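Below, chains carry the letters A, B, ... as their sequence lines are ordered, and counting in each starts from 1. If you're wondering where the values come from, they're calculated on a predicted model, not measured in any experiment.
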There are 4 protein chains.
Amino acid sequence: MDRREVQASVKDERLVEKRRDQMIKGAITLFKQKGFHRTTTREIARAAGFSIGTLYEYIRKKEDILYLVVDRMYDQIRERLQEDLVTNLGTVESLKLSIAYYFREMAEMQEEVLVMYQEAKSLSKDALPYVLNKEIQMVGLFENVIENCVRNGELDLDEKQIKLFAHNLFVEGQMWGFRRWALQKVYTLEEYIDLQLELLFYGVQGKVNQGTGGER
Amino acid sequence: MDRREVQASVKDERLVEKRRDQMIKGAITLFKQKGFHRTTTREIARAAGFSIGTLYEYIRKKEDILYLVVDRMYDQIRERLQEDLVTNLGTVESLKLSIAYYFREMAEMQEEVLVMYQEAKSLSKDALPYVLNKEIQMVGLFENVIENCVRNGELDLDEKQIKLFAHNLFVEGQMWGFRRWALQKVYTLEEYIDLQLELLFYGVQGKVNQGTGGER
Amino acid sequence: MDRREVQASVKDERLVEKRRDQMIKGAITLFKQKGFHRTTTREIARAAGFSIGTLYEYIRKKEDILYLVVDRMYDQIRERLQEDLVTNLGTVESLKLSIAYYFREMAEMQEEVLVMYQEAKSLSKDALPYVLNKEIQMVGLFENVIENCVRNGELDLDEKQIKLFAHNLFVEGQMWGFRRWALQKVYTLEEYIDLQLELLFYGVQGKVNQGTGGER
Amino acid sequence: MDRREVQASVKDERLVEKRRDQMIKGAITLFKQKGFHRTTTREIARAAGFSIGTLYEYIRKKEDILYLVVDRMYDQIRERLQEDLVTNLGTVESLKLSIAYYFREMAEMQEEVLVMYQEAKSLSKDALPYVLNKEIQMVGLFENVIENCVRNGELDLDEKQIKLFAHNLFVEGQMWGFRRWALQKVYTLEEYIDLQLELLFYGVQGKVNQGTGGER
DNA sequence: GATGAATGAGTATTCATTCAT
DNA sequence: AATGAATGAATACTCATTCAT
């Protein structure tokens with residue numbers, strides 16, 4: 001249930017991997033520029049470096065390409081995220097570092113994120129669950145780390161607060177990309193990260209309280 | 001720079017307004033179901049209650065319809081928002097009420113929000129700025145209210161923090177819709193609002209401080 | 001159950017009739033030359049005198065054209081046949097005249113007959129029954145006339161013999177067309193008709209007996 | 001003029017024979033199911049048990065397969081027919097037995113017959129004569145037997161009558177297959193054979209005379 | 001102003017055929 | 001001799017847009 005198979009006519013597994021790599025790379029470039037619907041299969045084939053006939057040796061329908069692309073993006077993001085999160089110590093300090101790391105990763109992949117936000121809807125009812133499942137898994141990675149902090153007494157949050165916190169920080173990572181037209185005019189990435197961390201951990205009043213806790 | 005003209009062949013302003021109303025209503029229903037690209041102009045005409053020929057008396061290109069739809073959505077949201085925000089007193093309590101109100105409004109318009117997220121990309125380079133400008137204006141409404149709170153000494157935030165806070169709450173309002181596949185399985189809307197308000201105002205650590213304020 | 005509807009987007013019934021007429025005429029010419037599969041929809045549109053887009057305003061799928069063509073052919077044949085058979089008096093003499101008439105008609109439509117024989121298989125499982133039903137009705141016309149002869153004491157045949165006789169003469173009429181590569185080299189049409197009538201009515205031995213009835 | 005060569009790249013005659021055997025068997029199965037046009041060369045290769053590359057080592061074009069198939073069918077039919085007809089004694093009784101035998105053979109091969117009727121048109125102008133020639137030869141086998149009967153004084157027919165009689169009985173044998181949708185609902189095969197023999201030999205009036213021979 | 005028939009560029013997909021390995 | 005990956009011409013079908021009535 002974790003990965004939906006996209007059928008290929010070609011048998012050689014290694015070749016399939018290679019050709020799909022070319023295909024996905026070409027497709028991402030194009031999807032970034034013009035979106036899924038405005039990109040033709042021929043353009044994708046050309047961008048991948050082979051003919052339209054060859055393209056269809058490795059997929060069944062155009063939508064398969066979108067699925068492959070989105071699938072690949074998630075895998076990339078998760079891979080990088082996991083790599084980082086395993087070293088997490090379950091302290092607030094370490095959590096902040098991970099969040100900052102994640103924010104920077106997402107900033108690098110902002111174009112891909114945009115594609116996902118805008119084109120995921122075009123996936124069939126069939127493929128969508130697989131994709132959403134991947135996103136849930138990734139949020140889950142953060143949930144685990146936060147839970148550790150709670151277990152270590154560094155944070156005091158119940159199950160539902162943990163989940164929402166994870167969702168929030170997750171979306172804020174993507175937000176840098178999908179609202180760049182607003183954010184990137186005002187903040188540098190590091191500014192953005194600092195400010196978001198502050199808001200995530202202290203909110204707008206917590207922060208006030210922290211400094212002037214006695215005044216109320 | 002506030003509104004891009006969509007040219008109509010028909011002169012009677014009142015009629016243009018009426019026909020576009022029908023058109024937009026039909027289009028929204030269809031876009032919700034199948035997205036912009038999968039909806040045909042004929043379908044829109046039929047849903048609007050007139051012929052394809054008539055449709056083209058009131059627009060120039062299919063994209064115009066998308067622009068009109070998105071434009072209308074923003075106007076609706078802003079209208080409701082403004083209506084509420086004018087009564088805002090510039091206190092934290094009143095700000096929280098406004099945010100909760102906004103969250104509920106966005107929950108009601110979640111399908112529209114989804115359409116905007118997924119189809120805005122399809123707007124031409126020409127139309128996009130107008131639309132983004134509207135969103136910036138709406139965020140601005142919240143910025144003003146927050147500024148009032150700061151001016152009243154209820155919050156202690158600088159310009160950049162205000163802006164980011166406004167963006168965050170704005171996105172969190174939309175998030176209930178565009179991440180419903182995850183959130184709406186776990187939270188009721190009111191739960192979601194309560195938890196988000198907590199996180200927005202106290203963060204995850206500010207909250208700790210609040211409860212155990214004495215320990216420091 | 002007598003006629004399968006082929007959906008048209010155009011509403012004007014008279015126009016639909018007219019355009020389909022053009023379409024069928026063009027299609028028959030092409031099908032005669034190259035068969036259904038080798039004929040493209042564009043060729044049919046061009047032969048009909050309009051664009052590919054217009055073609056599809058009057059049908060849904062390419063197969064619809066084949067159905068329309070075959071349907072039309074049967075209607076034409078039946079029309080001519082019925083016109084003649086109503087005047088039939090129920091005598092052997094009159095039956096022979098009708099058969100000869102039918103043979104001549106089929107000779108005139110031999111290309112159409114060929115198309116039917118070769119392309120009917122290409123009709124979907126959905127459309128085929130309608131077409132076969134038409135052929136059965138046409139055979140039925142002859143069955144009735146033969147029955148009249150039997151009732152008048154001019155022929156002595158039971159139900160099953162009548163049916164088979166009808167089928168035989170029916171196929172022999174088509175045979176002049178679908179075996180022309182053999183028959184039309186040896187016989188003139190009138191020769192063919194005379195000889196077939198002889199064989200149909202007297203067989204190869206009946207004829208012998210007739211002349212020399214006493215010898216056995 | 002009796003057999004058209006289909007070029008093979010492979011030299012080993014025995015191998016060519018073997019591979020073509022596999023190919024034809026596979027193709028016949030497929031053509032029966034979906035016709036020539038709807039069957040792909042890949043499917044034929046797979047059904048034959050080898051790769052598409054190998055397939056093209058033994059033919060030049062897809063049409064070659066059709067030719068090979070039809071050629072094979074005719075050979076099969078003729079083989080069985082010849083086997084029987086050589087024993088024919090030149091009497092009416094023996095002729096009837098042969099016809100009945102032929103009818104039964106054709107009933108067994110009805111699917112093949114159907115394929116021939118429907119797909120022969122797809123043969124190029126180049127290959128068609130060879131195929132038609134085979135059919136003429138087969139009709140010729142019957143003509144000979146009938147001629148024997150005439151020579152023996154068992155039948156009184158001139159050249160043209162013999163030829164047409166042969167064609168008729170030949171088509172009636174195929175008819176059981178190509179009109180099965182009508183015939184096989186009404187008659188058993190044996191019934192069909194009996195009735196057709198009656199009609200072939202006595203016609204519809206000759207039969208009358210036979211039964212009431214004394215009345216003249 | 002309204003209609004809807006006509007248009008044809010555009011697009012996904014298939015499949016016979018080739019050819020390097 | 002056998003394989004199967006690569007090719008791209010071909011084709012059914014769609015749909016935004018126009019324009020005569």
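- The distance from atom NZ of B:Lys61 to atom C1' of F:dA16 is 11 Å, rounded to the nearest whole Å.
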Summarise how protein sits on nucleotides 4-10 of chain F as a single string, 5' to 3': B when a protein heavy atom is under 4.0 Å from the base, S for sugar-phosphate-only contact, - for no contact.
BBBBBBB

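- F:dT7 is paired with E:dA16 under the criterion used here, namely a Watson-Crick or G-U wobble arrangement in which both key atom distances are under 3.5 Å.
- Side-chain atoms of A:Arg19 never come within 3.5 Å of backbone atoms of A:Glu57 as a donor-acceptor pair (strictly under, hydrogens ignored).
- When the P atom of F:dT17 is taken as reference, atom CD of B:Glu43 falls 15 Å away, rounded to whole Å.
- Nearest-nucleotide mapping onto DNA chain F: of C:Thr39 and B:Arg60, the residue sitting toward the 5' end is C:Thr39.
- Following rounding to the nearest Å, D:Lys62 (NZ) and E:dC15 (P) show an atom-to-atom distance of 8 Å.
- Note: CD1 (B:Ile59) to P (F:dT17) measures 7 Å, nearest angstrom.
- Rounded to whole Å, atom P of F:dA1 lies 13 Å from atom CZ of D:Arg20.
- Rounded to an integer number of Å, the gap from CZ of A:Arg38 to C1' of F:dT14 is 16 Å.
- For the pair D:Glu43 and D:Lys34, the salt-bridge criterion is met [side-chain N within less than 4.0 Å of a carboxylate O].
- The side chain to side chain contact (heavy atoms under 4.5 Å, CB included) test with A:Tyr67 singles out one residue from A:Leu123, A:Ile59, A:Leu128, and that residue is A:Leu123.
- A side-chain N or O of A:Ser124 and one of A:Glu63 form a donor-acceptor pair less than 3.5 Å apart.
- A tilted orientation is assigned to the rings of A:Tyr117 and B:Tyr117, their planes being inclined by 30° to 60°.
- What separates CZ of C:Arg46 from P of F:dA12 is a distance of 12 Å, to the nearest Å.
- When the side-chain nitrogen and oxygen atoms of C:Tyr56 are compared with OP1 and OP2 of F:dT14, none of them lie within a distance under 4.0 Å.
- Taking atom NE2 on A:His37 and atom C1' on E:dA12, their separation rounds to 12 Å, with Å as the unit.
- Between F:dA12 and C:Thr41, a contact under 4.0 Å exists linking OP1 or OP2 to a side-chain N or O.
- Nearest heavy atoms, C:Lys121 versus D:Gly35: NZ-N, 4.2 Å.
- Residues A:Phe36 and D:Glu63 each lie close to DNA chain E; by heavy-atom proximity, the contact nearer the 5' end of the strand is made by A:Phe36.
- Between the side chains of B:Tyr74 and B:Glu135, a donor-acceptor pair is found at a separation under 3.5 Å.
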